[in-house]
There are 2 protein chains.
Amino acid sequence: MELKRKAAVDIRDATAADWPAIWPFFHQIVTALETYAYDPSMTREQAESLWMAPSNSPQARTSVAVDADGTILGSANMYPNRPGPGAHVASASFMVDASARGKGVGRALCQDMIDWAGRECFRSIQFNAVVETNETAVKLWQALGFQIIGTVPEAFHHPTHGYVGLHVMHRPL
Amino acid sequence: MELKRKAAVDIRDATAADWPAIWPFFHQIVTALETYAYDPSMTREQAESLWMAPSNSPQARTSVAVDADGTILGSANMYPNRPGPGAHVASASFMVDASARGKGVGRALCQDMIDWAGRECFRSIQFNAVVETNETAVKLWQALGFQIIGTVPEAFHHPTHGYVGLHVMHRPL
């Protein structure tokens, strides 16, 4: 028998009751200033609005990744990238608790998001600002079918690497 | 003596009193669905909020282009493209009244925006979604020093050209 190398990760829709479990890793990730161009001084309430209701669109959705015990390991949100003539392209953001990295949580969240975008009849997915030094994410998105469309030079100020590029990444559906 | 080929165009900061003169061409441009991925059903009040207060940032600014009589010919807004670690990159949007095109209004608005971004100590300017069939705009931005970083394929649904690309354009400062 083979050892089961990865714990089971399930993805489900988030509910308002999940926010207290998301906020600690959201806050840690945003204040680390390494992967998201978010305002690090945003309040818990502002963050809840941003993450749990990411768009005016009725299509917007927030998901969570949970282990067999129901512990929340990560979260994603997803929405049309633009309104009107751009509403056929989806976008998304992903956060994984530092203590749960390397377990396939980000991959499970992204695969679920790709499936959601297909069900919702989007034509493609665009990530607008992937920090080029976040190599784990870049490689994972590439493994899941995303290509780098271009890199905006020095568009992100990283605390240790300085000014680094932001990739625009894209995946047809 | 040479004829003066172009009417004088002045750029000044917009005030709340300018909105009634901006709304007609804003609405015409947005409902034409050819150049902006905005919701064509947005109300006048929603449009005012979007155009006249484009960001929570204190750096955000809206400008207008006026002729010698003070008639408003076009408008621009400008703001940090992202918060936090992305706040050193500016972005902007531009609209020119159809009756005032070909007079250098867009060029004057953009040159003024570039000057503003320099004064405000941004490091570069990024346009996130330039419709590739809007060739007048693409050529003008290139003439003013912007380069196409990449083109997101079929990201904009044009009423006559169908699915067309959106350029990400960038200019160092």
Side-chain angles (χ1 to χ4, degrees), chain A residues 29-42 46 50 55-57 80-91 122-129 131 133-134 146-173, chain B residues 29-42 46 50 55-57 80-91 122-129 131 133-134 146-173:
Chain A
I29 289 167
V30 171
T31 56
L33 298 169
E34 293 176 348
T35 55
Y36 274 87
Y38 287 172
D39 178 359
S41 69
M42 76 169 86
Q46 290 169 328
L50 173 76
S55 160
N56 290 326
S57 167
N81 195 40
R82 303 182 185 284
H88 56 286
V89 181
S91 192
F122 287 97
R123 291 173 55 91
S124 63
I125 302 168
Q126 177 177 346
F127 297 157
N128 300 293
V131 179
T133 48
N134 188 3
F146 289 81
Q147 289 191 316
I148 297 170
I149 294 288
T151 305
V152 185
E154 303 190 354
F156 187 89
H157 189 232
H158 189 284
T160 54
H161 299 299
Y163 291 103
V164 299
L166 286 175
H167 295 316
V168 177
M169 300 188 73
H170 177 264
R171 183 192 194 282
L173 287 171
Chain B
I29 290 166
V30 171
T31 56
L33 298 168
E34 293 176 346
T35 55
Y36 273 88
Y38 287 172
D39 178 0
S41 69
M42 77 170 86
Q46 289 168 330
L50 174 75
S55 160
N56 290 326
S57 167
N81 195 40
R82 304 183 184 284
H88 57 285
V89 181
S91 191
F122 288 98
R123 291 173 56 93
S124 63
I125 302 169
Q126 177 177 346
F127 298 157
N128 301 291
V131 180
T133 49
N134 188 4
F146 289 81
Q147 290 191 316
I148 297 171
I149 294 288
T151 305
V152 185
E154 303 191 352
F156 187 88
H157 189 231
H158 189 284
T160 54
H161 299 299
Y163 291 103
V164 300
L166 286 175
H167 296 315
V168 176
M169 300 188 72
H170 177 263
R171 183 192 193 282
L173 287 171

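Each chain gets a letter, A, B and so on, in the order the sequences are listed, and its residues count up from 1. Values in this document were obtained by computation on a predicted structure and should not be read as measured data.
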Considering only heavy atoms, which portion of Tyr36(A) lies under 4.5 Å from any heavy atom of chain B: side chain, backbone, both, or neither? backbone
Going through the distances and angles, do Glu154(A) and Val89(B) end up as a side chain to side chain contact (heavy atoms under 4.5 Å, CB included)? CA-CA 9 Å; Glu154(A) 303 190 354; Val89(B) 181; over 6 Å; no
Give, as side chain, backbone, both or neither, the part of Thr151(B) having an atom under 4.5 angstrom from any heavy atom of chain A. backbone
Flag the one option from Ala129(B), Pro172(B), Pro159(B) with the top tally of heavy-atom pairs under 4.5 Å to chain A. Ala129(B)
Could you look at Asn128(A) and say if it's the side chain, the backbone, both or neither that has a heavy atom under 4.5 Å from chain B? both
Interface residue of largest heavy-atom contact number with chain B, from Gln147(A), Met42(A), His88(A), under 4.5 Å: His88(A)
So which atom in Ala37(B) and which in Pro85(A) form the shortest heavy-atom distance, rounded to 0.1 Å? CA-CD, 3.7 Å
Heavy-atom cut-off 4.5 Å, strictly under: side chain, backbone, both or neither for Phe156(A) against chain B? both
Could you give the distance from CD1 (Ile149(B)) to CD1 (Ile149(A)), rounded to the nearest 0.5 Å? 12.5 Å
Of the backbone (N, CA, C, O) and the side chain (C-beta and beyond), which part of Leu166(A) lies under 4.5 Å from a heavy atom of chain B, both, or neither? side chain
Which atom of Pro153(A) lies closest to which atom of His170(B), heavy atoms considered: CG-CE1, 3.5 Å
Quick one: which of Gly84(B), Pro40(B), Ala155(B) has the most heavy-atom pairs under 4.5 Å with chain A, could you say? Ala155(B)
Closest non-hydrogen contact found for Val168(A) with Val168(B) is CG2-CG2, 4.1 Å
